[in-house]
Amino acid sequence: MKTAVIIFPGSNRDRDMFAALELITGSRPQSIWHGEATLPDVDLVVVPGGFSYGDYLRSGAIAARSPILKDLVSKAEKGVTVLGVCNGFQILTEAGLLPGALMRNAGLNFVCKEVLLETVTDATRFSGKFQKGQVWRCPVAHHDGNYFADAETLKSIEDNGQVVFRYADGTNPNGSLNNIAGVMNAKGNVLGMMPHPENLVEPLHGGLDGRLIFESILAAA
Amino acid sequence: MGLLVYGEPHSCLSGLTAALKALENRIMKARVIVTLKNGVLDPQGKAIEGALGGLGFDGVGSVRQGKVFDVELTGADAAAAKANLEQMCEKLLANTVIENYAIEIV
């Protein structure tokens with residue numbers, strides 16, 4: 001599987017994502033600077049975590065207007081798989097590729113800890129290797145992860161099965177509505193999630209739970 | 001505008017051109033105010049509200065935090081400037097999923 005990672009000024013989880021992708025796909029991802037005009041032909045484009053543009057204006061807002069986003073939107077429309085993690089999730093919502101918005105954590109604190117995620121559906125290209133209802137460990141590290149969407153949007157993403165991961169009962173770290181941790185677009189080829197699956201993929205990380213996301217994408221490619 | 005030109009017509013015309021140019025390049029000042037929509041939880045506003053109470057300010061019903069952008073624009077057409085600012089708000093200054101905006105030409 002061919003992959004690419006987009007790098008913005010202020011991205012800081014790009015190397016973690018690189019290592020995870022290389023480990024799981026067996027080939028080196030391409031790194032794409034945000035100022036480029038086009039993405040290479042790949043099966044998966046990842047928008048990694050970090051603090052692009054120092055979170056100025058709103059988290060992900062400036063990065064979402066970067067030159068490369070035009071091609072990302074067009075590739076997403078053509079059905080290419082896109083994964084946004086943490087700041088990547090914020091960027092994808094700001095770019096209009098995903099519904100809703102990510103606001104300041106309800107408790108106002110930056111949260112850096114491990115949470116439990118529940119896999120809401122296994123019928124997606126991002127979750128095929130999970131069991132429906134499976135609860136798994138995943139680290140989070142963010143200040144603006146509080147998922148918000150208006151009532152109508154919330155109902156439609158729930159009804160359409162676009163909510164892929166929820167914080168398991170009692171572990172919602174940020175006040176997200178409906179405990180939403182990861183959400184897809186209507187077409188099902190773009191996923192954004194606040195937790196960092198790339199940080200739980202080898203024994204030294206203390207677990208391998210995060211691998212299942214990448215293995216799901218690999219199996220579906 | 002009275003144009004009583006008895007001599008040096010060229011210098012007078014160039015003065016007029018310069019005046020028109022200055023009008024075109026006039027700096028217009030605008031203020032854009034971005035606020036959270038009703039019903040969107042504002043934890044920062046809540047924290048500020050609590051801190052005001054802690055300082056002994058009584059009677060603060062609620063506080064909502066927003067943003068102000070002071071924008072300088074060149075041009076003399078206020079309507080065109082306002083239309084331009086609306087596009088800026090829709091495309092960048094506000095996230096219309098969670099925020100409203102208001103534009104004032106000042």
Side-chain angles (χ1 to χ4, degrees), chain A residues 52-53 55-67 69-70 73 87 89-111 142-157 172-180 183 185 192, chain B residues 29-57 60-74 81-106:
Chain A
S52 58
Y53 291 92
D55 281 351
Y56 293 172
L57 187 60
R58 297 176 303 273
S59 299
I62 309 282
R65 280 78 184 172
S66 285
L69 260 287
K70 213 175 219 178
V73 170
N87 190 219
F89 185 12
Q90 295 160 343
I91 292 168
L92 295 179
T93 57
E94 278 283 345
L97 281 170
L98 289 172
L102 292 144
M103 310 199 40
R104 182 52 41 103
N105 293 344
L108 294 174
N109 288 322
F110 188 97
V111 289
H142 59 251
H143 209 170
D144 295 319
N146 184 352
Y147 186 79
F148 175 87
D150 60 47
E152 196 183 326
T153 308
L154 207 55
K155 185 179 183 321
S156 97
I157 61 175
N172 184 339
N174 52 36
S176 288
L177 289 177
N178 294 14
N179 296 325
I180 290 171
V183 69
N185 62 343
Chain B
K29 291 188 176 179
R31 174 160 283 186
V32 175
I33 299 170
V34 174
T35 49
L36 284 175
K37 287 182 175 174
N38 285 337
V40 175
L41 183 74
D42 178 14
Q44 294 176 102
K46 278 271 171 237
I48 295 163
E49 193 182 308
L52 287 173
L55 285 171
F57 289 103
V60 177
S62 77
V63 177
R64 306 275 285 165
Q65 182 179 299
K67 296 189 184 98
V68 169
F69 302 89
D70 285 328
V71 186
E72 288 189 349
L73 299 151
T74 53
K82 202 160 182 186
N84 205 7
L85 284 160
E86 261 169 36
Q87 284 302 306
M88 293 181 203
C89 287
E90 290 287 335
K91 289 188 176 168
L92 181 63
L93 298 182
N95 178 345
T96 54
V97 173
I98 47 171
E99 294 169 327
N100 290 321
Y101 59 85
I103 297 163
E104 294 167 14
I105 305 283
V106 292

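Chain letters run A, B, ... following the sequence lines, proteins first, then strands; residues in each count from 1.
- Within the 4.5 angstrom heavy-atom criterion, atoms from both the backbone and the side chain of A:L57 approach chain B.
- The distance from the CD1 atom of B:I33 to the OG1 atom of B:T35 is 8.0 Å, given to the nearest 0.5 Å.
- For chain A, the nearby parts of B:V40 are the backbone and the side chain; heavy atoms of each come within less than 4.5 Å.
- Using modelled atom types, one finds no donor on one side chain facing an acceptor on the other under 3.5 Å when comparing B:Q87 with B:N84.
- In this structure, the side chains of A:Y147 and A:V183 come closer than 4.5 Å at one or more pairs of heavy atoms.
- Between B:E99 and A:R58 the shortest side-chain heavy-atom distance falls below 4.5 Å.
- Options B:I98, B:V34, B:L92 differ in how many heavy-atom pairs under 4.5 Å they form with chain A, and the most are formed by B:L92.
- Contact annotation for A:R65: only side-chain heavy atoms (C-beta onward) come within less than 4.5 Å of a heavy atom of chain B.
- If you measure heavy-atom distances from B:K91 to chain A, the contacts under 4.5 Å come from the backbone alone.
- Of the listed residues (B:D42, B:L36, B:L93), the greatest number of heavy-atom pairs within a distance under 4.5 Å of chain A belongs to B:L93.
- Counting heavy atoms from C-beta on, the side chains of A:N105 and A:P173 never come closer than 4.5 Å.
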